[in-house]
Amino acid sequence: MCGRYAASRSAGELAETFGVEKWDPAEELAPDWNVAPTKQVHAVLDRPLKDGGDERPVRQLRPLRWGLVPSWAKSPDVGVKMINARAETVHEKPSYRRPFAARRCLLPADGYYEWVTGAAERQEEEKGKRKRPRKQPYFVTPADGSVMALAGLYEFWRDKTLPDDHPQAWWATCTVITTEAETEPFAGSDGDGGGPRALADIHPRMPLVLTSDRWDAWLDPALTDVDRVRELMVPPPPEAMRAYPVGTEVSNVRNNGPELLEELDGPGAGTLF
């Protein structure tokens with residue numbers, strides 16, 4: 001799954017990386033090392049400019065609320081349950097199939113967090129002891145330090161309790177697509193560090209990360225053929241990512257800062273997946 005990630009790059013850097021043509025400096029979001037559901041996040045999308053008089057899709061950087069609210073939803077409260085969409089069924093689910101066909105986006109990130117239950121705690125849990133297992137957070141990030149492009153969908157929801165000219169009359173929301181986690185070890189992992197060797201050792205699901213050669217097709221709203229879109233949903237090779245343990249401070253969403261990405265020393269530290 002994907003329930004927390006880090007996004008510290010500036011709008012200017014993201015615009016250059018993704019070839020953004022339009023973004024409003026007033027909408028730039030502050031660096032966030034502990035992005036959680038319901039927060040505003042940067043999203044890259046191709047869409048005609050509002051009131052621009054030109055139907056040509058323009059690549060934009062826009063803030064979206066994480067937690068997709070379908071256009072037909074009676075309440076935006078459903079968004080907190082729709083932070084992730086499964087790659088295997090996203091084209092079929094009523095909440096996702098329409099945005100999957102024409103409203104796809106990329107969510108730039110430094111990397112994402114995932115929690116794994118320690119081996120000793122897991123053994124105690126399996127014995128039937130009800131002690132709450134202690135979980136170790138890991139940070140998964142591109143091995144070369146580049147931006148991570150999470151595959152996402154976006155949707156618009158109209159709050160009918162507000163007048164048309166109200167600034168919050170329309171909600172723009174998004175979800176992160178997830179897929180099965182990689183089972184192959186990352187390059188250089190020999191298992192001697194005591195930590196997980198593959199993403200599947202941490203969690204059976206992972207966010208779908210798209211390589212740059214697929215960005216244009218993924219963002220193209222004219223590409224509506226479901227089978228062709230599904231062909232784009234291929235994660236990077238295992239050696240493109242690395243993962244390492246970080247402090248448990250990230251488990252509290254109130255904590256925020258670059259120190260959350262600091263790699264821990266000790267067993268499992270520096271382990272490559």
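Count residues from 1 along the sequence.
- Hydrophobic clustering of Ile, Leu, Val, Met, Phe, Trp and Tyr side chains at less than 4.5 Å, counting indirect connections, keeps Ile83 apart from Trp157.
- Residue Gln40 qualifies as enclosed at atom CD: its count of foreign heavy atoms under 6.0 Å is above 12.
- Note that CZ of Arg86 is 11.5 Å distant from CE of Met1, once rounded to the nearest 0.5 Å.
- For the pair Leu264 and Gln136, the minimum side-chain heavy-atom distance is below 4.5 Å.
- Two residues are said to be in side-chain contact when any heavy atoms from C-beta on lie closer than 4.5 Å; Val44 and Trp218 fail this criterion.
- The aromatic rings of Phe100 and His91 sit tilted, their planes meeting at an angle between 30° and 60°.
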Next on the checklist: Determine whether Thr178 and Asn84 satisfy the following criterion, side-chain hydrogen bond (donor to acceptor under 3.5 Å, both in side chains), listing intermediate values before the conclusion.
Outcome noted: CA-CA 6 Å; Thr178 66; Asn84 293 158; 5.3 Å; no
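- With respect to Glu88 and Arg205, a salt bridge is recorded, a charged nitrogen being found less than 4.0 Å from a carboxylate O.
- Within the 4.5 Å cutoff, no side-chain heavy atoms of Val41 are placed close to those of Pro63.
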Next on the checklist: Val140 vs Leu199, test: side-chain contact (heavy atoms from CB on, under 4.5 Å). Steps then yes/no.
Outcome noted: CA-CA 9 Å; Val140 183; Leu199 290 180; 3.7 Å; yes
Checklist entry - Please walk me through it: do Arg242 and Asp144 pass salt bridge (charged side-chain N to carboxylate O under 4.0 Å, His left out)? => result CA-CA 9 Å; Arg242 68 181 293 258; Asp144 62 2; over 6 Å; no
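- One finds a salt bridge joining Arg103 and Glu155 here, because a Lys/Arg side-chain nitrogen approaches an Asp/Glu carboxylate oxygen to under 4.0 Å.
- Atom-to-atom distance recorded for Gln60:CD and Leu49:CG is 5.0 Å, nearest 0.5 angstrom.
- Of the possible polar contacts, one joining the Asn34 side chain to the Asn255 backbone as a donor-acceptor pair under 3.5 Å is found.
- Pairing each heavy atom of Thr183 with each of Ala200, the nearest pair is CG2-CB, 3.9 Å.
- A donor-acceptor contact shorter than 3.5 Å is absent between the side chain of Lys81 and the backbone of Gly67.
- Counting only heavy atoms from C-beta outward, the side chains of Leu261 and Val246 never approach each other to under 4.5 Å.
- Under the 4.5 Å side-chain heavy-atom criterion for Ile, Leu, Val, Met, Phe, Trp and Tyr, Met148 and Val176 are members of the same hydrophobic cluster.
- Atom SG in Cys105 sits 6.5 Å away from atom CG in Leu45 (nearest 0.5 Å).
- Hydrophobic clustering places Val147 together with Leu61 (ILVMFWY residues linked when any side-chain heavy atoms are closer than 4.5 Å, directly or through intermediates).
- Using cut-offs of 30° and 60° on the angle between ring planes, the pair Phe156 and Trp170 is perpendicular.
- Salt-bridge annotation for Arg56 and Asp46: absent, with no side-chain N of the basic residue lying under 4.0 Å from a carboxylate O of the acidic one.
- Once rounded to the nearest 0.5 Å, the distance linking CG of Leu106 with SG of Cys174 reads 11.5 Å.
- Contact check for Val69 versus Val78: side-chain heavy atoms found under the 4.5 Å cut-off.
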Next on the checklist: Working note: Val80 + Thr38, criterion side-chain contact (heavy atoms from CB on, under 4.5 Å); need CA distance, chi angles, decisive distance, verdict.
Outcome noted: CA-CA 7 Å; Val80 297; Thr38 74; 3.7 Å; yes
Checklist entry - Hey, mind stepping through Asp220 and Arg59 against salt bridge (charged side-chain N to carboxylate O under 4.0 Å, His left out) and telling me if it holds? => result CA-CA 9 Å; Asp220 185 1; Arg59 184 151 304 174; over 6 Å; no
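- Taking CD1 of Ile202 as the start and CZ of Arg197 as the end, the distance is 13.0 Å to the nearest 0.5 Å.
- With hydrogens and angles disregarded, no donor-acceptor distance shorter than 3.5 Å links the side chain of Tyr96 to the backbone of Pro70.
- Of all the heavy atoms in Ala169 and Pro163, the pair that sits closest is CB-O, 3.4 Å.
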Checklist entry - Given the rule in the ring-ring contact (aromatic ring centres under 6.0 Å, His included) test, do Trp115 and Tyr138 qualify, once you have shown the distances and angles that lead to the verdict? => result CA-CA 6 Å; Trp115 283 256; Tyr138 275 76; over 10 Å; no
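- Within the 4.5 Å cutoff, the side chain of Met82 has heavy atoms near those of the Ser95 side chain.
- Salt bridge Arg4/Asp32: absent, no basic N to carboxylate O contact under 4.0 Å.
- With Thr89 contributing its side chain and Glu92 its backbone, the two residues share no donor-acceptor pair below 3.5 Å.
- Using a 4.5 Å cut-off on side-chain heavy atoms (C-beta onward), Trp33 and Val250 make no contact.
- Residues Leu29 and Phe18 do not share a hydrophobic cluster, defined by chaining ILVMFWY side chains whose heavy atoms lie under 4.5 Å apart.
- Residues Glu249 and Arg254 are not paired through a salt bridge, judged by the lack of any N-O separation under 4.0 Å between the basic side chain and the carboxylate.
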Item to check | Stepwise ring-ring contact (aromatic ring centres under 6.0 Å, His included) check, Tyr5 with Trp66 | outcome: CA-CA 11 Å; Tyr5 66 90; Trp66 186 11; 5.2 Å; yes
Item to check | Trace of the side-chain contact (heavy atoms from CB on, under 4.5 Å) decision for Met206 with Thr179 | outcome: CA-CA 6 Å; Met206 68 179 188; Thr179 187; 3.9 Å; yes
Item to check | side-chain contact (heavy atoms from CB on, under 4.5 Å) evaluation trace for Leu223 with Leu232 | outcome: CA-CA 11 Å; Leu223 179 57; Leu232 299 173; 4.0 Å; yes
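- Within 6.0 Å of atom CD in Glu16, 12 or fewer heavy atoms from other residues, nucleotides or ligands are found, so the atom counts as exposed in its surroundings.
- Distance check: Arg47 CZ to Arg62 CZ gives 6.5 Å after rounding to the nearest 0.5 Å.
- Nearest heavy atoms, Trp72 versus Pro94: NE1-O, 3.9 Å.
- Under a cut-off of 6.0 angstrom, the local environment of CZ in Arg158 is crowded, with over 12 non-hydrogen atoms contributed by other residues, nucleotides or ligands.
- Under a hydrophobic clustering in which Ile, Leu, Val, Met, Phe, Trp and Tyr are joined whenever their side-chain heavy atoms come within less than 4.5 Å, directly or via other members, Leu153 and Leu219 fall into the same cluster.
- Across all non-hydrogen atoms, the minimal contact from Pro185 to Pro238 is O-CB, 4.1 Å.
- Of all heavy-atom pairs between Glu28 and Ala11, the closest is OE2-N, 3.1 Å.
- The shortest side-chain heavy-atom distance between Val116 and Asp201 does not fall under the 4.5 Å cut-off.
- Taking all atoms of both residues into account, the shortest heavy-atom contact from Gly145 to Arg9 is O-NH2, 2.8 Å.
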